[in-house]
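Some notes on the structure that comes next.
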Number of protein chains: 2
Amino acid sequence: MLSWEERRSLVKIANLYYNDGWTQEQIAKKLGVSRPVISKSLQKAREHKIIEIFIKDETVHTVNLEKKLEEHFGLEDAIVVPISGQTPDVVKLSVAQAGAYYLSKNIKKAKKIGISWGTTLEALVQEYPYEMKKNITIFPLEGGLGRKKVEIHSNQLAYELAKRLGGTCSYLYAPAMAESSELRERLMKMDDINAVLQEAATVDIALVGLSNPYVQSTLEDIGYLNQNDLEQLRQLGVVGDMGFRFFDLNGNPVNSSFNKKVIGISLEQLRNIKKVIGVVSGAHKAESVLASLKGNYINVLVLDEQIATELLYASE
Amino acid sequence: MLSWEERRSLVKIANLYYNDGWTQEQIAKKLGVSRPVISKSLQKAREHKIIEIFIKDETVHTVNLEKKLEEHFGLEDAIVVPISGQTPDVVKLSVAQAGAYYLSKNIKKAKKIGISWGTTLEALVQEYPYEMKKNITIFPLEGGLGRKKVEIHSNQLAYELAKRLGGTCSYLYAPAMAESSELRERLMKMDDINAVLQEAATVDIALVGLSNPYVQSTLEDIGYLNQNDLEQLRQLGVVGDMGFRFFDLNGNPVNSSFNKKVIGISLEQLRNIKKVIGVVSGAHKAESVLASLKGNYINVLVLDEQIATELLYASE
DNA sequence: GCCTCCTTTTTACATATGTTCTATATAGTT
DNA sequence: AACTATATAGAACATATGTAAAAAGGAGGC
């Protein structure tokens, strides 16, 4: 316990230092002691909670979530977007904006970027600013998905992003899912397709979305999966996918009949990309995100506050 | 005004620096920027009051005053803030800070918190740190007060405090003072209003300000009371109010014409709340505080040295 | 009164932080 | 598209702060 005299003196020093902006040297001179005494006094004042430092901003909540996510899942970065009572659509847009911002700040050294598909990534690309960044190439991470909603296809997003970056892009002239594994094999032997996929696996940065195939699933919306398919996936223990590659609760690839028909990079290849940025919004995707984290596919996560909270709660 | 991205980044840096004790060098490395950027960010955060340094100033004198106040008025706690030659505005801010600090250290078990209105409580809320405290609900203790100075209304303060605590808040969609007692009755019968007031009466902690209606009165400032009204109150022996509930020298409720028009919790209800924290600054309020203490409404008092001295002197 | 042990202060050094100036990038304008 | 104005980042330097070890002061024992 400190004496009153000492307490007074600590308060006085603290005030001079923190409120009046004096240097320790000046305070020492004024009080007629050596500087280290002031240095130690300030330490003591902090120890005894005479001085307390608060960080005061609305973003404190989400920044704390980010730190916990980074620590808990060994992420390189996590960006948590506050939901603050907004509708899912608005939150999704905010997440996309945050993703765009993050990408633009971390794109410096990248020469090759891969992009998957989906509505969230579409929003991200639309939010991306136009900036000259020569010598960059964008690769689609999987083929197209038929005629519907062309604007969210991997190829299309690669094209749009390349336009915004002033770079070039490759195309995967192939369906995301071939009609049979045999057809897939044949397509995969084609040089145009094979070469692009090979390169796609070596990008510096990959942008991926995550889905829950059972709830509000774009895959179902566009008619790629029907109820039968979903039932099959459920039986196999699938909880999510990234670019048509389905995985289970632990993030392990699930060998469904689809898997052999998909034209796109594999989960294994994805894991080997140095920087995989997952962009995801909507509470129903929490389980899928958790699984993908367990599978160690993702290095950077951009997500909304609600998923972030659920992820941490689920992994207590 | 700073953008969300920038505030987020400043908070992140400040957090690593002040809470986790990283050096600027380490932070710079982690974020992939040069060290001066971190140095400048921290300066910016200080300028924008994102980083706040609280010096817990107490002297033998104030601690003695606290002890005497606690004994003399049977208070659970008293916090006396030294004035040390500061201007009233600065003292008011210190009192608000001390109140915020006290609340944050005593909020642990609380599930429901009520808050009144006024400039002092507004400052308290603004000083309150952002800290996650799930499952807490904030209730306004009375309705709104017209269009002026919305930021000091009970509803608004409840909202702001809830935001800081990561909790939820209820609203009282009603004026603090209805145009007639008849209108008040009708409003009070509305479910939305009634239910909130019922719950407001059962909060674990209530935060209230105190006023002297005659001197530097916010009630007069915002045009809620005119000279006639004040004269009337004076005739009735009113010496102060808490949330539009006027009381006399002994703390007894005064049945003015206003009383039947107020939409807010009664003094009787306030007295039944386990922990009522009164936060008050400015010598002109001494008499009001004394009366409220006699009325036994308050359990914890946060006040400045000057009022504290006068309270003890008056009740020798 | 002198010595010893313990605490506190200071000196000198190591480290961390703040600042200036230059280089680079960005935005706005013709 | 080229230019200028403006902002921003980084390298190098200046200053401030933290810390270990030596010195000084002070209390208790003989």
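Note on naming: letters A, B, ... go to the chains in the order of the sequence lines (proteins, then strands), and numbering restarts at 1 for each one.
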Exercise. Nearest whole angstrom, please: distance from the P of C:dT17 to the OH of A:Tyr18.
Key: 12 Å
Quiz item: How many Å lie between CD on B:Gln24 and C1' on D:dT15, as a whole number?
Solution: 13 Å
Exercise. Would you please confirm or rule out a distance under 4.0 Å between OP1 or OP2 of D:dT19 and any side-chain N or O of A:Gln43?
Key: yes
Quiz prompt | Touch class at under 4.0 angstrom, heavy-atom based, for A:Thr23 against every strand present | solution = sugar-phosphate
Quiz item: Taking atom P of D:dG18 as reference, at what distance in whole Å does atom CD1 of A:Ile27 sit?
Solution: 11 Å
Exercise. Report the nucleotide, chosen from D:dA12, C:dT11, C:dT17, that has the shortest atom-to-atom distance to any side-chain atom of B:Tyr17.
Key: C:dT17
Self-check item: Base C:dT10 to side chain A:Lys40, donor-acceptor N/O within 3.5 Å cut-off
Solution: yes
Quiz item: So which nucleotide from D:dT17, D:dG10, C:dT9 ends up closest to the side chain of B:Val37?
Solution: D:dG10
Practice problem: Mind calculating the distance between NZ (B:Lys29) and C1' (C:dT15) to the nearest angstrom? | Solution: 14 Å
Quiz item: How long is the line joining CZ of B:Arg35 and P of D:dT15, in whole Å?
Solution: 15 Å
Quiz item: Could you give the CD1-to-C1' distance, from B:Ile13 to D:dA9, as a whole number of Å?
Solution: 13 Å
Quiz prompt | Side chains of B:Thr59 and B:Val63 in contact at under 4.5 Å (non-hydrogen atoms) | solution = no
Quiz item: Picking from C:dT17, D:dG18, C:dT10, which would you name as closest to the side chain of A:Val33?
Solution: C:dT10
Quiz item: Should the pair B:Tyr101 and A:Phe54 be assigned to parallel (<30°), tilted (30 to 60°) or perpendicular (>60°) ring geometry?
Solution: perpendicular
Quiz prompt | Phosphate-side-chain proximity, A:Ser39 and D:dG18, N/O vs OP1/OP2 below 4.0 Å | solution = yes
Practice problem: Quick one: sort the B:Tyr130 and A:His61 rings into parallel, tilted or perpendicular, breaks at 30° and 60°. | Solution: perpendicular
Quiz item: Under 3.5 Å, is there a donor-acceptor pair linking the side chains of A:Ser211 and A:Lys285?
Solution: no
Quiz item: Side chains of B:Glu131 and B:Ser104: is there a donor and an acceptor less than 3.5 Å apart?
Solution: no
Quiz item: Does a side-chain N or O from A:Arg46 land closer than 4.0 Å to OP1 or OP2 of D:dG18, or not?
Solution: yes
Quiz item: How many Å lie between CD1 on B:Ile38 and P on C:dG18, as a whole number?
Solution: 11 Å
Quiz item: To the nearest angstrom, how far is B:Glu25 atom CD from D:dA11 atom P?
Solution: 11 Å
